[in-house]
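Since the structure comes first, as structure tokens, the remarks are kept for the end.
The shown structure was predicted, so the numbers you read here are calculated from the model rather than taken from an experiment. Here is the naming used below: chain letters follow the sequence lines, and residue numbers restart at 1 for every chain.
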Amino acid sequence: MRILTAASRRGIELPYVQAEPAEQSHQVTLLLEVNAKQVGQLSRDWYAIVDVTDVRSAMPTQDMLELIDGWAATPHPPTSAVSSGDSARAAMA
Amino acid sequence: MLRGADIVLRCLRAEGVDLVFGYPGGAIMPLYDALEGSGVRHILTRHEQGAVFAAEGYARATGKVGVAMATSGPGATNLVTGIADAKMDSVPLVCITGQVRSSLIGTDAFQETDVFGLTLSLTKWSRLVRSIEEIPEVIAQAFHWARSGRPGPVMIDLPVDLLKATMEFKGPVKFHPHPKAADAKAEVFTDTLIALLQQAKKPVALVGAGAKLSGAVSELRSLLDCLQIPTFATVHGLGAVKQEAPYYLGMVGMHGTRAANMALHETDLLLVFGARLDDRVTGDPTRFAPDARIVHFEIDPSQLDRVRPCELAVIGDLAETIPAFHEELSRAPLPKWDAWRAIAGGQDRAELDAAGLAQPTKRFLDELFRRLPADSVIVADVGQHQMWAAQRYRSSTPRGFITSGGLGAMGFALPAAVGVQLAKPETTVLCVSGDGGFQMNIQELATVHRLGLAIKIVIVDNKYLGMVRQWQQLFYKRNYAETDLSDNPDFVEIGKAYKIHAQPLAEEALTEFPLSAETADVLDRFLKSSEPELLVFECAPEANVFPMVPAGAALSEMMLEED
């Protein structure tokens, strides 16, 4: 979460965030539109987070960019849902 | 079998904690229930913000980790300003909050707030504990992160059911962090640094809080004695440099000395020791030290290149990097910078009113400060009085000047002074507040009285939110919008209501030369009393703090006095 707040406090949008297990820890991939100064600032801020062990930056891959385009065309409106009695009971336990 | 609450307290003891500050409430009641006999003394403040500022005061005065605790919901949110303050000023702090029981989390239960989420960007590390088994490891980790590297605040949110649950406790644990990919022994690149020094015509040193936090004050002083270059300090660096050193120019920045600001503007090589270079130090960042190459000694890489790229970054604990640099320095011939030092500290750059004769508040502070024992601690609130106190501070005690510098949180001083006085019961603690800030945590007078703390409290009462009013006067055409506090309560009567001896002192008393015997006696008795004391200094409403670098101006464009 601190990785995300370092970006959000600068008003940088996060169109793509992916977290996945990597050996004994996790790898987080973010796609951001940033200038060179922001790359430096974010890299240092992220590296200063106590749980972060490594920070790398690179240009986005073509696959990643295509994935974003696909998302933009698919809206996700809020939907109504009725939860089952089981889950409602679990939440109140 | 032990309850979660007992395990928390045993783990705190294992971390060396014997004093915590807090305020009880529903979700943290099991922890309070377990306090008696735990070996942990609890200080009840009258507001959670008072508790967290008191814990900060304790930590700032000692270098140890301060601990504050509060209940869920409003108790937790009342800690937030103190957490932000500790983050900005690198104060080691562990905040423990009760939380609603695990099964209710996320249901908007009574007194539930997502304090973990609220404080994510303010803490170094935080954890919502999800099982009783986690408690020993979480507490060990919290203290590790609070005190390691650049110190800072951490947060532990403990659901009440886990505090009540029991388990077999096998003892506190040690935390061993994963190494970072780029972690390596600090490299000083001494050859580059010496080459930069050999080329420099006007080198200067800027000292921040880092030298104190690293415990490297003596190493720093030794290095500066060797270099003999003009040196100045940020507000948090005050006390790190020997006041009598011939190269020391005082405080730098928005209300810094003319000599320090001019030297910083003119330098061609800036050595930064443990400072963030924030906007109050740099002025307009595009015109900050325009001719300087910057060498930045810093433990936290995230603080580098914020204003502009530095020539050389020396990453690491100053307690290691300064001696390493100093050792190599002795083998290299360096130029003499006597002429530059004479210009930087010359008479034409001296303070306009060094004796404070033109401004009774400065003279008042001078008279107080010179009466203080050398190891005294001054705790300043936020505003004009803070800057006057910083300007007049003349002590070489490294942890002798404590204030909310980065966040600038009004209401800090009184509760912080409580923490300082508890940490240093034999030390004279002088709390300097304004009439605005004092009323933000005025309720802590009750804490002072209950504990019988002999804190010396000064209110510089100008019946305005003075610093805001000063800006309104100078930059908003004297439109004093909502800064008038002329209907302040009678602070002397307030003090008496809290059973604290209180007295007024009129500004006119500080315009007499020499000081009258009566006024001198008031100041002497105030400082020497073994009881809490409150002195209300009635300051001229429109007194201003100068020098001043206006917002957006370069350091060289400071205003020395009113036009």
Original post:
With a 4.5 angstrom heavy-atom cut-off, which part of I105(B) approaches chain A: side chain, backbone, both or neither?
Top reply: neither
Original post:
Hey, is D305(B) close enough to R44(A) for a salt bridge, meaning N to O under 4.0 Å?
Top reply: yes
Original post:
Picking from A109(B), P309(B), S126(B), which has the most non-hydrogen pairs under 4.5 angstrom with chain A?
Top reply: S126(B)
Subject >> Part of S148(B) lying under 4.5 Å from any heavy atom of chain A >> reply: neither
Original post:
Which one of L4(A), D51(A), L42(A), V55(A) has the most heavy-atom pairs closer than 4.5 Å to chain B?
Top reply: D51(A)
**OP:** With rounding to the nearest 0.5 Å, note down the distance linking CG in L122(B) to OG1 in T5(A).
**Re:** 9.0 Å
Subject >> Toward chain A, the part of W145(B) with a non-hydrogen atom under 4.5 Å >> reply: side chain
Subject >> Heavy-atom donor-acceptor pair, R2(A) side chain to S121(B) backbone, under 3.5 Å >> reply: no
Subject >> R306(B) versus chain A, the contacting section by heavy-atom distance below 4.5 Å >> reply: both
Subject >> Heavy atoms from other residues, nucleotides or ligands near CD of E33(A) exceed 12 (cutoff 6.0 Å) >> reply: no
